[in-house]
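Below, all heavy atoms of this structure are taken into account, side chains as well, without hydrogens, waters or symmetry copies.
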Amino acid sequence: LVRAGARFAQEEAALAERELDVALKGQPPIAAEALMTRARRLLRSSDNRAARVLMAEVDRRFPKEPAAAEAGYLGAWLDLQGGRYLDSVASFDELEKKHPASRKRDEAGWFRALALFRLGRYPDSAAALDALAAAFPRSSLLPQARYWAARSRQLALPNTDPAPVALEYRAIVGSFPASFYAQLSIERL
C-alpha cells in the first residue's frame, strides 16, 4: 500500500494499480485497505457510482476490518448525496447493525435523520434526531440535531398548537446561545 501511494504521488497510476493488485491478494486488513484505496480514488475523481460499488464490496468481503465501517458509512453518505434517500436510510441502518462500534455513529445518525427529513417523514426524522441527542449528548452535532428535531415536529403537525415547538426553539437558544442553530431558532420564533 505504501508503494502504491508513492506511485500515485509520482503520477504513475498504472504501476500503482499493479501494487494495489498485489495488496488485494494479501491478508484481509491489507486487502481491505487496498480496495478502499481504489474506492477513495474513484470518489476523488467524482466517479461516485463506481466508488459506491467498491465500498459495498469492501463492506461485504471484509466485514470485520475497520475499512468496512468506513466503506459502509461513505456508501450510505453517497446514497444521500445522490438523492437516493430510501437507500441511504437503509444503508445507515445496515451500518448501525454491522458496525455498532463505528466512530462515525453520531454522523451516521445525523445523515440518516436528514434522509428521513428529505423524504418528508418528519415524525421519523424527529425520533431519529431525539435518539441521536440521547445517545451522543456531547456530540458537536447536538445543536443541529435539536433544531432539526424541532423543525421536523413543526412540519409534522401543521395547524396545531405551536407552543410546544416554540419551547423547543427557546431551549435551543438557551442551551446553545452562540450557535448558528440558536439564530435559526430565533428566526423561527
Side-chain angles (χ1 to χ4, degrees), residues 1 20 23-157 168 172 181:
L1 286 175
L20 289 178
L24 281 167
K25 295 173 186 167
Q27 295 295 315
I30 302 296
E33 277 302 319
L35 197 54
M36 198 59 197
T37 297
R38 280 198 173 136
R40 283 188 208 102
R41 287 193 50 79
L42 288 169
L43 191 58
R44 277 187 232 115
S45 72
S46 298
D47 191 350
N48 291 351
R49 288 198 187 277
R52 178 68 176 105
V53 168
L54 284 184
M55 288 175 190
E57 185 178 345
V58 170
D59 201 18
R60 180 184 54 77
R61 285 180 53 192
F62 306 103
K64 302 226 183 289
E65 299 304 324
E70 180 185 4
Y73 170 79
L74 288 174
W77 181 82
L78 283 172
D79 288 340
L80 177 69
Q81 295 303 308
R84 297 178 301 279
Y85 303 124
L86 283 174
D87 291 340
S88 181
V89 170
S91 295
F92 281 121
D93 287 343
E94 185 177 336
L95 175 71
E96 180 67 27
K97 288 176 192 166
K98 288 175 73 175
H99 308 288
S102 170
R103 294 178 291 125
K104 301 257 187 187
R105 286 181 49 228
D106 62 337
E107 291 177 33
W110 160 250
F111 287 125
R112 179 182 177 276
L114 178 60
L116 290 166
F117 186 89
R118 298 297 298 239
L119 287 166
R121 293 172 47 186
Y122 302 122
D124 293 336
S125 176
L129 290 162
D130 290 341
L132 169 66
F136 302 98
R138 298 189 195 285
S139 172
S140 63
L141 300 171
L142 193 58
Q144 69 195 56
R146 289 287 184 212
Y147 172 82
W148 286 104
R151 183 72 176 127
S152 293
R153 278 187 270 285
Q154 182 182 13
L155 292 171
L157 305 171
E168 287 187 67
I172 293 164
Y181 294 97

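- The shortest heavy-atom contact between Ser139 and Asp106 is OG-OD2, 2.8 Å.
- Within the model, atoms CG of Leu20 and CD of Glu33 stand 11.0 Å from one another, a figure rounded to the nearest 0.5 Å.
- Between the CG atom of Leu132 and the CZ atom of Arg112 there is a distance of 10.5 Å, given to the nearest 0.5 Å.
- Between Glu96 and Lys104 no salt bridge is recorded (no basic side-chain N to carboxylate O distance below 4.0 Å).
- Side-chain contact between Leu141 and Glu107 is present, with at least one heavy-atom pair separated by less than 4.5 Å.
- Relative orientation of the Phe111 and Trp77 rings is perpendicular, given thresholds of 30° and 60° on the angle between their planes.
- Under the rule for a side chain to side chain donor-acceptor pair (under 3.5 Å), the partners of Asp79 that lie at least two apart in sequence or sit in another chain are Arg52, Arg84, Ser91.
- Put simply, the side chain of Leu86 reaches to within 4.5 Å of the side chain of Arg121, judged on heavy atoms.
- Using a 4.0 Å cut-off between a side-chain N of Lys or Arg and a carboxylate O of Asp or Glu, Arg153 and Glu168 qualify as a salt bridge.
- Counting heavy atoms from C-beta outward, Trp110 and Gln144 have side chains that approach closer than 4.5 Å.
- Listed by first and then second residue, the ring pair (Phe, Tyr, Trp, His ring centres under 6.0 Å) pairs that reach into residues 112-133 are Phe117-Tyr122, Phe117-Trp148, sequence neighbours excluded.
- Salt bridge annotation for Arg40-Glu70: present, with a cationic side-chain nitrogen under 4.0 angstrom from a carboxylate oxygen.
- Summarising the geometry of Ser152 relative to Ser125, their closest heavy-atom pair is OG-OG, 3.2 Å, with the distance given to 0.1 Å.
- Taken to the nearest 0.5 Å, the CZ atom of Arg146 stands 14.5 Å off from the OH atom of Tyr181.
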I'd like a table of donor-acceptor pairs (distance under 3.5 Å, sequence neighbours excluded) in which one partner is a side-chain atom from residues 58-66, with atom names and distances.
residue : atom : partner : partner atom : Å
Asp59   : OD1  : His99   : NE2          : 2.7
Asp59   : OD2  : Lys98   : NZ           : 3.3
Arg61   : NH1  : Glu57   : OE2          : 2.8

Can you check side chain to side chain contact (heavy atoms under 4.5 Å, CB included) on Tyr85 and Leu80, steps first, answer last? CA-CA 5 Å; Tyr85 303 124; Leu80 177 69; 3.7 Å; yes
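- The shortest non-hydrogen separation linking Ala115 to Val89 is CB-CG2, 3.6 Å.
- Counting heavy atoms from C-beta outward, Arg49 and Leu78 have side chains that stay 4.5 Å or more apart.
- Met55 and Ala39 make their closest contact through CG-CB, 3.8 Å (heavy atoms, listed as atom of the first residue, atom of the second, distance).
- A distance of 10.0 Å separates CG of Leu95 from CG of Leu74, quoted to the nearest 0.5 Å.
- Between Ala51 and Leu43, the closest heavy-atom pair is CB-N, 3.8 Å.
- Rounding to the nearest 0.5 Å gives a distance of 9.5 Å between CG of Leu119 and CG of Leu114.
- Across all their heavy atoms, Ala149 and Ala126 have their closest contact at O-CB, 3.8 Å.
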List the steps and the verdict of side chain to side chain contact (heavy atoms under 4.5 Å, CB included) for Arg41 and Asp47. CA-CA 9 Å; Arg41 287 193 50 79; Asp47 191 350; over 6 Å; no
